[in-house]
Each structure stands twice: as structure tokens, then as C-alpha cells.
Amino acid sequence: MGESSGYKEYVAGMWAGVATVIVGHPFDTVKVKLQKHNTAANGIKYKNGLHCTARILKTEGVQGLYRGATSSFLGMAFESSLAFGIYSQTKQLLQGGFHSDKPQPQAIIPAGAFAGSIISSILCPTELVKCRMQVQGTDSLISYSSRYNSPLDCAIKTVKAEGPTGIFRGGYTTLLRESLGNASFFTTYEYVRYYMHLQLKDASPHQTHLIDVGIGIMSGGLGGIACWCVVLPFDVAKTIIQTTPDKISTRNPFQVLTSIYRRSGLRGCYAGLGPTVVRAFPANAAAIVTWELAVKMLGIMRD
């Protein structure tokens, strides 16, 4: 990044978040269903992501894939705005005005982790509502009397049943996921972007825009895959913690993962890996392409 552009970096990040939800939410719904049901001791089991998707489409239609999307749109737009804005400005601060063509991990990694830690407190409540809406479809084991009519209804009932802190259930796990995930994402993104630009620096100037889009797709997509390969076990634990309304159930992600590992092995800790990886590439590619396009339109100078 060049000099700090204030609010513009946050606006660009907001649009990146909107693009992420549009492209990625259906995959996220499948992931959450797999994590909830395929790690349970009994009940419905899905063979794989395709089987889960087919069941959702058969019983609920396309709208079933976008269950909980309202809170996700609000959460992701705000989260992405903060993530990209805080990351960009923190990285500039850590670089201390020194600009290098090559990525600087000593600035990128802590900037990404810091951005993740900040957004986790905002993301946690919206993710809890999203996950609880997603798991209550036709295939759900949740009784009809306990189901939610809307994201707002879910939030209100959660606070009534579990108190004000109930909406922040899974906060520590979200913090771990977002800190590690953002550090992994931005590190992979920066390095892939740098080396691809290095390889394509002599390309025709007439193809600059097309090349930039291609680099954005690859760097964003690979960044997303790297992120989720690192943090998926914490995401599985978060889903279990947030969708289990029992007040006495553990909120320690390591205890949850130990229990899942004993019951389902490593495969259980990576439940939902298929749709997560399939979602990670296009959703994060869309986020980066949208972000970089918005950056250009807003006149933000980049390295």
C-alpha cells in the first residue's frame, strides 16, 4: 500500500465482504450442516458435500442454501471492511514508511493477526446467528418449537435463553480462528501476488487489466484455501459450541476437538473440508478482485 487513504480502504473492504457472501454463502451452509450433523454421536449423517447439497435443494430449494444470509451479509460487510482496512493501515505502520517490492512477513503476519483479533468480537454474534439458522433446516434434529423465524428472532431468543453473553458464545474460538486465518490469508495473498507480478512483469501493457484480474483470482483463491486448511478444526469447534444451546456444555475449543477426535478421528476435525475448500477459492478470489477493483476506483495508491 501507498500512503494511508483513511476511510477508502474500509469502503473497499466492505464491497469485498459483499462479494464474498454472494459467492460463498451456499458453500458455507453445506459446511455448517456437515460440521453439525457429521460430528454428532447419532442422527443424520451426510455422505459428502454433494449429498448434503442435494438434500438441501430437495427439501428446501435454493433458499435453503442461503439460510442465515441476512446476518452474514451484515456481518461480512462490516467484518471485511475492518479486516482489509485494519490490515492495510497496520501493515503500513509496521513497515514504518519503508517500502519494499518484496513482501515483509514481519509486517504482514502481525497485521493480519491483529486485524483478525479485532473483527472476531464483531463477527462472533453474527456467526452464531448464521450457524443456528443454517442448522435448523428440514434435516435438522432441532424440534420445530425451538426453531427461529428470522435472524432477529434467533438473536432475541438466544439472549433471553442464555443472557447477554449467550450471543458471544464461541468468542475465544472465533478469536483463534480469525487471528490465525487472517495471518495465513494475507501472507499467502501477498506472496502469490508478488511472485505472479514478478513472472508477468514483461507482459503486454494492453493486457494489464486482464492480468491484474487473473492475479487477483489466483492470489485470493489460494489465500482462502491456505487460510481454511490452517483453521478449519477451530471452525468445526466453533460450529459445535455455537449451535449447542446447553449452558453447561464446554466452550473450550481444544476439549471439543479432543472429543470429536476420539469419536470421529481426524476426519471429524476437518468435517466440511470439501465444501470449505470449494468455497474458499471462488469466494476469496471474488473478495480480492472486488477489493482491488474498488481500491483502483477510489484512487488508493498501492505498492
- Task: Report the C-alpha distance between Tyr66 and Gln134 in whole Å, list the side-chain angles of each, state the deciding distance to 0.1 Å, and finish with yes or no for side-chain hydrogen bond (donor to acceptor under 3.5 Å, both in side chains).
- Result: CA-CA 8 Å; Tyr66 278 93; Gln134 286 173 320; over 6 Å; no
- Message: Can you confirm whether more than 12 heavy atoms, excluding those of Gln106, are under 6.0 Å from its CD atom?
- Response: yes
- Query: So Thr239 and Gln35, side-chain hydrogen bond (donor to acceptor under 3.5 Å, both in side chains) or not? Walk me through it.
  - Reply: CA-CA 7 Å; Thr239 295; Gln35 290 175 343; 2.6 Å; yes
- Item | Salt-bridge criterion met for Glu127 and Arg177 (N-O under 4.0 Å) | yes
- Query: Which atom pair, heavy atoms only, marks the closest approach of Thr20 to Ala287?
  - Reply: OG1-CB, 3.2 Å
- Message: With a 6.0 Å cut-off (strictly less than), is the heavy-atom count around OH of Tyr191, excluding the residue itself, greater than 12?
- Response: yes
- Query: With no hydrogens and no angle check, is any side-chain donor or acceptor of Ser80 less than 3.5 Å from a backbone partner on Ala77?
  - Reply: no
Without placing hydrogens or testing angles, list every side-chain donor-acceptor pair under 3.5 Å for residues 223-231, not counting sequence neighbours.
none

- Item | Single-linkage hydrophobic cluster, 4.5 Å side-chain cutoff, Val18 and Leu293 together | no
- Is a side-chain donor or acceptor of Asn284 paired with a backbone partner of Ala280 at a separation under 3.5 angstrom? yes
- Taking atom OG1 of Thr126 and atom CD1 of Ile167, what is their separation to the nearest 0.5 Å? 9.0 Å
- Reported CG-to-CD1 distance for the pair Leu94 and Ile109, which is rounded to 0.5 angstrom: 11.5 Å
- Note on the structure: All heavy atoms of Met196 vs all of Met218, minimum pair found to be SD-CB, 3.6 Å
- Message: Using a 3.5 Å distance criterion without hydrogens, assess whether the side chain of Thr90 forms a donor-acceptor pair with backbone atoms of Ala111.
- Response: no
- Given side chain to side chain contact (heavy atoms under 4.5 Å, CB included), test Val30 with Ile56 step by step and report yes or no. CA-CA 8 Å; Val30 173; Ile56 294 171; 4.2 Å; yes
- Message: More than 12 heavy atoms of other residues, nucleotides or ligands under 6.0 Å from NZ of Lys58: yes or no?
- Response: no
- Message: Treating His25 as the side-chain partner and Arg67 as the backbone partner, does any N or O pair qualify as donor plus acceptor under 3.5 Å?
- Response: yes
- Message: Looking at Thr243, is its backbone amide N or carbonyl O close enough to the side chain of Arg132 to form a donor-acceptor pair, meaning the two atoms are under 3.5 Å apart?
- Response: no
- Note on the structure: When every non-hydrogen atom of Gly49 is compared with those of Leu34, the smallest separation belongs to CA-CD1, 4.0 Å
- Residue pair Lys238, Cys131: steps toward the side chain to side chain contact (heavy atoms under 4.5 Å, CB included) verdict: CA-CA 10 Å; Lys238 183 191 72 68; Cys131 288; 3.7 Å; yes
- Message: To the closest 0.5 Å, what do you measure between OH (Tyr270) and OH (Tyr261)?
- Response: 12.0 Å
- Message: With a 3.5 Å distance limit and no angle check, can you tell me whether Ser117 reaches the backbone of Phe114 through a side-chain donor-acceptor pair?
- Response: yes
- Item | Side-chain ion pair, Lys33 and Glu60, N-O less than 4.0 Å | yes
- Message: Give me the atom names and distance for the closest heavy-atom approach of Ile108 to Pro103.
- Response: CD1-CB, 3.6 Å
- Item | Minimum heavy-atom distance between Ile240 and Thr244, given as atom pair plus value | O-OG1, 2.6 Å
- Begin with the C-alpha distance, continue with both residues' side-chain angles, and end with the deciding distance and a verdict on side chain to side chain contact (heavy atoms under 4.5 Å, CB included) for Phe78 and Met14. CA-CA 6 Å; Phe78 194 31; Met14 179 190 70; over 6 Å; no
- Message: Which heavy atom of Gly112 sits nearest to which heavy atom of Phe186, and what is that distance?
- Response: CA-CD1, 4.1 Å
- Message: Does atom CZ (Phe281) have a neighbourhood of more than 12 heavy atoms from anything else shown, all under 6.0 Å?
- Response: yes
- Will you find, in the side chains of Gln92 and Glu9, an N or O donor that is under 3.5 Å from an N or O acceptor? yes
- Message: Closer than 4.0 angstrom, basic N to acidic O: yes or no for Glu292 and Arg193?
- Response: yes
- Item | Stepwise side chain to side chain contact (heavy atoms under 4.5 Å, CB included) test for Asp28 and Lys130 | CA-CA 10 Å; Asp28 187 67; Lys130 173 186 71 68; 2.6 Å; yes
